[in-house]
Amino acid sequence: KSPCTMRRPICSTTVACSAVEPLETATATREVRAVLKDFLFFILFILYVLQPLRLESRDGGMPMTKNSAVVAEQHPELISISDGIATADIAPATGGAVASYRWWQNGSAVDWLRPADQAAIGRRDAGAMACFPLVPYSNRIRGGRFEFAGRTVELPSRPEDPHHEHGHGWRRPWTVMRCEAGTIVLCYRHIADSWPWSYEARQVISLIDGRLVIAISVRNLSDTPMPAGFGLHPYFPSTPWTHVQARVSGMWETDADVLPTRHVAPPAGADPTTGFDVSETDFDTVFTGWRRPARISWPEHGRELDIEHE
């Protein structure tokens, strides 16, 4: 059976996914992939991808980051992993985020994700990292309020965060459970509060032959079923020629609060299936029916990046 069956987007007014049963682990398996085929796929400057996330790079020889002296400077809050081809800096205290993922060539860095700068690392700004986890849900819950299994849940809201965006994971420090040369395992344990379920989330972040692979799991520690939806929020370098392509079947139009209102066909000129240049589009939306992979290319640098999920 599938431990997390998505029926409607988690970012709608009501959190509408079935429960993660107590003491079961929600992981991305072949069965989950089948039921998640219509889960929201959001790609522009940021991308939500269900786990594990695999970033596979192809390089044409031109660096996207040239100031290697700056990017190589190591912040004391970061933990680095490497496989001899790629390096990734991890910021456990900053929402368990990835601060950078890069290759090194002739002393220059090729950043496949937008790297965090020293100021962002110092102030523990997860939103300015290269990628952060979305746990136990992604995007927004309208007004921070929803009903589940006969219970009304009200999450804290503020004028600058009226819909309690992106859950808990990126707001809290994560614990390092294990760290090896090319792999780090992080854990976040939530104690029931306004979110009335205790749960444990884990990230396994690995570099394999230059690829970045991130696997997320969530375990319900409560005695009652818990709604759950989780993923990742990477940021990619944007240039005038950055091109995005991914096979999708539909998209959600969104309102001023970036919450879905209507499911439609992707518009001409901004359809990921045929591909579009990021600089020629201006929207913040979600796509459905994604069939992997998604590809981001930087033709002026002769580079491509493939994103897959399992």
Side-chain angles (χ1 to χ4, degrees), residues 25-30 32-33 36 41 43 46-61 63-65 68 71-72 74 78-92 94-106 108-116 129-135 169 174-188 201-218 230-237 246 290-298 301-310:
T25 301
T27 57
T29 63
R30 189 175 301 275
V32 174
R33 284 203 299 272
L36 292 183
F41 177 64
I43 184 168
I46 56 179
L47 178 74
Y48 298 165
V49 184
L50 292 182
Q51 58 296 330
L53 172 70
R54 297 179 184 270
L55 300 180
E56 185 168 359
S57 317
R58 282 179 295 281
D59 174 41
M64 285 187 287
T65 302
S68 57
V71 296
Q74 181 69 25
L78 299 182
I79 298 175
S80 293
I81 59 174
S82 176
D83 67 350
I85 300 174
T87 62
D89 291 329
I90 315 301
T94 306
V98 176
S100 68
Y101 162 49
R102 58 175 57 102
W103 289 2
W104 289 94
Q105 294 183 334
N106 301 320
S108 293
V110 177
D111 279 293
W112 296 105
L113 295 175
R114 180 205 66 186
M129 297 293 108
C131 176
F132 60 80
L134 305 169
V135 174
W174 291 56
T175 301
V176 178
M177 305 299 292
R178 177 168 58 90
C179 186
E180 301 170 354
T183 299
I184 187 170
V185 179
L186 304 179
C187 177
Y188 166 67
R202 290 202 176 205
Q203 293 187 86
V204 181
I205 305 171
S206 303
L207 293 171
I208 304 173
D209 297 328
R211 293 174 296 146
L212 174 64
V213 180
I214 304 178
I216 298 183
S217 63
V218 172
F230 47 101
L232 295 163
H233 195 310
Y235 291 85
F236 300 95
W290 174 40
R291 289 179 290 170
R292 64 181 184 175
R295 175 167 294 174
I296 302 176
S297 58
W298 297 268
H301 298 307
R303 289 205 168 91
E304 293 179 341
L305 182 72
D306 282 351
I307 304 103
E308 296 188 354
H309 73 84
E310 293 185 353

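We're numbering straight along the sequence, starting at 1.
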Could you tell me whether the side chain of [X] and the main chain of [Y] form a donor-acceptor pair under 3.5 Å?
X      : Y      : answer
Asp111 : Arg114 : no
Trp103 : Gly210 : yes
Trp298 : Pro237 : yes
Arg295 : Asp306 : no
Gln203 : Gly96  : yes

Nearest 0.5 Å, please: how far is [atom2] in [Y] from [atom1] in [X]?
X      : Y      : atom1 : atom2 : value
Ile214 : Ile90  : CD1   : CD1   : 7.0 Å
Arg211 : Glu308 : CZ    : CD    : 8.5 Å
Ser82  : Leu207 : OG    : CG    : 6.5 Å

Side chains of [X] and [Y] in contact at under 4.5 Å (non-hydrogen atoms):
X      : Y      : result
Thr94  : Met129 : yes
Leu232 : Phe230 : no
Leu186 : Thr175 : no

### Task
Identify, with sequence neighbours excluded, every residue that meets salt bridge (charged side-chain N to carboxylate O under 4.0 Å, His left out) alongside Arg202.
Glu200
If you compare all heavy atoms of [X] against all heavy atoms of [Y], which two are closest, and at what distance to 0.1 Å?
X      : Y      : result
Tyr101 : Leu212 : OH-N, 3.5 Å
Trp112 : Phe236 : O-CD2, 3.5 Å
Gly231 : Ile216 : O-CD1, 3.3 Å
Ile205 : Ile81  : O-CD1, 3.7 Å

### Non-neighbouring partners of Thr183 that pass side chain to side chain donor-acceptor pair (under 3.5 Å), sequence neighbours left out
Ser206
### Query
Mind checking what makes side chain to side chain donor-acceptor pair (under 3.5 Å) contact with Ser100, not counting sequence neighbours?
Asp89, Arg102
### Query
Who are the side chain to side chain contact (heavy atoms under 4.5 Å, CB included) partners of Ala201, not counting sequence neighbours?
Val135, Trp174, Tyr199, Val218
### Query
Can Thr87 and Trp104 be said to form a side chain to side chain contact (heavy atoms under 4.5 Å, CB included), step by step?
CA-CA 8 Å; Thr87 62; Trp104 289 94; 3.4 Å; yes
### Task
Could you go through the side chain to side chain contact (heavy atoms under 4.5 Å, CB included) check for Cys179 and Ile79 one step at a time?
CA-CA 9 Å; Cys179 186; Ile79 298 175; 3.7 Å; yes
